[in-house]
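Below is one structure; the comments refer to it alone.
Order of the sequence lines fixes the chain letters, A, B, ..., with proteins taken first and strands second; residue numbering starts at 1 for each chain.
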There are 2 protein chains.
Amino acid sequence: MPQQKSEHIPRATIQRLAVYVQVLENLQREGTEVISSEPLAKACNVNASQIRKDLAYFGEFGVRGVGYYVKNLIASITSALGVDREWRTVLVGVGNLGKALLNHKEFRLRGFNIVGAFDCDPFKIGEEVSGLEVVCTKRLREMIGDNGAEIGIITTPPERAQRAANHLVEAGINGILNFAPSRITVPDHVNVEYVDFFHHLYALSFNITHPNTK
Amino acid sequence: MPQQKSEHIPRATIQRLAVYVQVLENLQREGTEVISSEPLAKACNVNASQIRKDLAYFGEFGVRGVGYYVKNLIASITSALGVDREWRTVLVGVGNLGKALLNHKEFRLRGFNIVGAFDCDPFKIGEEVSGLEVVCTKRLREMIGDNGAEIGIITTPPERAQRAANHLVEAGINGILNFAPSRITVPDHVNVEYVDFFHHLYALSFNITHPNTK
DNA sequence: CCAAATTTGTGAAATAATTCTCATAAGTTA
DNA sequence: TAACTTATGAGAATTATTTCACAAATTTGG
Ligand SMILES: NC(=O)c1ccc[n+]([C@@H]2O[C@H](COP(=O)([O-])OP(=O)(O)OC[C@H]3O[C@@H](n4cnc5c(N)ncnc54)[C@H](O)[C@@H]3O)[C@@H](O)[C@H]2O)c1
Ligand SMILES: NC(=O)c1ccc[n+]([C@@H]2O[C@H](COP(=O)([O-])OP(=O)(O)OC[C@H]3O[C@@H](n4cnc5c(N)ncnc54)[C@H](O)[C@@H]3O)[C@@H](O)[C@H]2O)c1
């Protein structure tokens, strides 16, 4: 089990570790058992020493003269990221996107188990989606007390995201994945990640418009 | 119209510009007409001089002693990003996610107009989704020649993403938004952005697991 | 069992990004 | 119109991240 060696780990490193896992899993699916940092770097579009430095924050996972055992490295990185366990999550806002996510099997497969679905619309409360009964947002606190969820997913309209966040924070959640296109304010101990694919489209737009500045 | 002043613009700056637009649009919706870098920074969770530096890459948009006119600043940033126009896009892989995206109105509203839907499954070809007829991927090149799309969206399974990318590149696209959880290889002139919300969940998982290292 | 070939892990060097500081410009008030 | 207030824009200082370069470790082949 990898132990963290250093104090501060750059956010960029965490993002890259997620990419390494993705690429390593695809390599594993294709039958690769061992890989060295050079070809892995090429597949991930980064520098080889970048990979070695990123891994060095957590321990020594390679074999000199050989490389990395794909299976072991996946296990080491997922353990370092803390994704080698079940994370219980709840979802707030059972609209189009919320329903699509509730039906998406991959969440459970990857250990992110959605165990509660909440909405404030009286017409939606009581409805069943993907085996879960939609519950009134007001009951978030009591329900999370029961099921011990730690991560909240927000899929409400943007102007409701802050309210949903407040409910989640009050209920004791300490991580939020926000799909609504608005920033939310939470206490320091609560982590927030934003998913907004327009941000990516904007980046594409910029890079296509200014090909020289890349 | 803002003119780019400097050579290289950090990727992080582009990402933040997208956040600024998002926050400014929400401020505008709430009736704010002028804002200075300090409160805007607070709302975006960044440093105020960071905002001023980011904007300085593109020109001078503020008024000393006053701040920024929200409406003007939105216009300036969107123009800098190149999103003050229509971008014609095509989508490859009309499955669950692909259909959800085709039905999502926001794309057109934001100027990213999906003008073609492609799939390789003979049962899907000919089907109509959100006013578009699903066409065989093989016909990508001829169709793009007709409709002049510049951006491709990939929503195929991960092991098919590279093939889809190859088709798109051959058809002359120069930007790809890849929702499949696999990295793709493309020529230098083609820009790729990846959307993977497991990466964000992994980041949450890490930050919750190691609260001290933040 | 030793030598050659690899490839890791890491401190040092080079780059890059962020934050600080303050002169300068614009607006406001009397 | 002059004094005062405010907040930008830009260079300097600081801090962070990435890349380089090489010693150390391991395997493999003779
Ligand atoms: N639909 C998509 O493909 C898509 C893609 C990207 C982002 N988004 C974003 O995701 C969010 C949801 O999109 P959607 O298309 O599902 O919208 P939607 O209107 O279908 O769903 C929103 C749901 O949130 C519920 N809600 C509103 N306020 C609430 C509150 N305070 N507490 C709990 N529930 C509340 C509503 O009752 C509704 O069921 C939006 O912010 C949208 O911008 C959607
Ligand atoms: N469904 C979700 O909520 C979701 C969320 C995040 C990411 N994703 C990812 O998005 C991708 C699609 O997911 P999905 O649930 O829509 O899967 P899906 O199986 O429903 O759809 C995939 C579609 O791609 C088509 N396809 C396969 N190979 C193709 C090719 N070479 N050219 C053109 N079309 C091709 C298939 O015929 C099918 O229609 C997957 O990679 C998945 O991991 C899905």
Give every residue pair that meets the ring-ring contact (aromatic ring centres under 6.0 Å, His included) criterion with at least one member in residues 22-51 of chain A, sequence neighbours excluded.
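Counting only pairs at least two positions apart or across chains, no ring-ring contact (aromatic ring centres under 6.0 Å, His included) contact touches residues 22-51 of chain A.
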Whole angstrom value for the distance that separates [atom2] of [N] from [atom1] of [X]:
X	N	atom1	atom2	result
A/Arg11	D/dT18	CZ	P	13 Å
B/Tyr57	D/dG9	OH	P	15 Å
A/Ile14	D/dT17	CD1	C1'	14 Å
A/Gln15	D/dT17	CD	P	12 Å
B/Leu73	D/dA7	CG	P	16 Å
B/Glu60	D/dG11	CD	P	11 Å

Quiz prompt | From OG (B/Ser205) to CG (A/Asn191), nearest 0.5 Å | solution =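 The distance works out to 10.0 Å.
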Margin query: Strictly below 4.0 Å: does B/Arg16 bring a side-chain N or O up to OP1 or OP2 of C/dT18?
Written below: yes
- Task: Please check the phosphate of D/dT17 (OP1 and OP2 only) for any side-chain N or O of A/His8 closer than 4.0 Å.
- Result: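 Result: yes.
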Review point. Where along residues 34-55 of chain A does a heavy atom come under 4.0 Å from DNA chain D, residue by residue in number order?
Key: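 Only A/Asn47, A/Ser49, A/Gln50, A/Arg52, A/Lys53 qualify.
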Q: Name the orientation class of the two ring planes belonging to B/Phe206 and A/Phe58 (parallel below 30°, tilted from 30 to 60°, perpendicular beyond 60°).
A: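 Geometry flag for A/Phe58 against B/Phe206: perpendicular rings.
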Within a 6.0 Å radius of atom CD on B/Glu33, are there more than 12 heavy atoms belonging to other residues, nucleotides or ligands?
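Not buried by this count: 12 neighbours or fewer within 6.0 Å.
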Contacts table for residues 161-168 of chain B: side-chain donor-acceptor under 3.5 angstrom, sequence neighbours left out:
| residue | atom | partner | partner atom | Å |
| --- | --- | --- | --- | --- |
| B/Gln162 | OE1 | B/Thr185 | N | 2.8 |
| B/Gln162 | NE2 | B/Asn166 | OD1 | 2.9 |
| B/Gln162 | NE2 | B/Thr185 | O | 3.0 |
| B/Asn166 | ND2 | B/Gln162 | O | 3.4 |

Evaluation steps, side-chain hydrogen bond (donor to acceptor under 3.5 Å, both in side chains), between A/Arg108 and A/Asn113: CA-CA 5 Å; A/Arg108 179 160 313 184; A/Asn113 205 354; 3.0 Å; yes
Each nucleotide of nucleotides 24-30 of chain C classed B (base within 4.0 Å of a protein heavy atom), S (only sugar-phosphate) or -, in 5' to 3' order, makes BBSS---
Next on the checklist: Run the ring pair (Phe, Tyr, Trp, His ring centres under 6.0 Å) test against B/Phe197 and tell me which residues pass, sequence neighbours left out.
Outcome noted: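 Expected list: A/Phe107, A/Phe179.
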Extract all donor-acceptor atom pairs below 3.5 Å that involve side chains of residues 13-22 of chain B and protein atoms in other chains or at least two apart in sequence.
| residue | atom | partner | partner atom | Å |
| --- | --- | --- | --- | --- |
| B/Thr13 | OG1 | B/Arg16 | NH2 | 3.4 |
| B/Thr13 | OG1 | B/Asp54 | OD1 | 2.9 |
| B/Gln15 | OE1 | B/Arg11 | NE | 3.2 |
| B/Gln15 | OE1 | B/Arg11 | NH2 | 2.9 |
| B/Arg16 | NE | B/Asp54 | OD2 | 2.7 |
| B/Arg16 | NH2 | B/Asp54 | OD1 | 3.1 |
| B/Tyr20 | OH | B/Asp54 | OD2 | 2.7 |
| B/Gln22 | OE1 | A/Arg183 | NE | 3.3 |
| B/Gln22 | NE2 | A/Asp196 | OD2 | 2.8 |

Main chain of A/Arg52, side chain of A/Ser37: is a donor-acceptor contact present, judged purely on distance under 3.5 Å? no
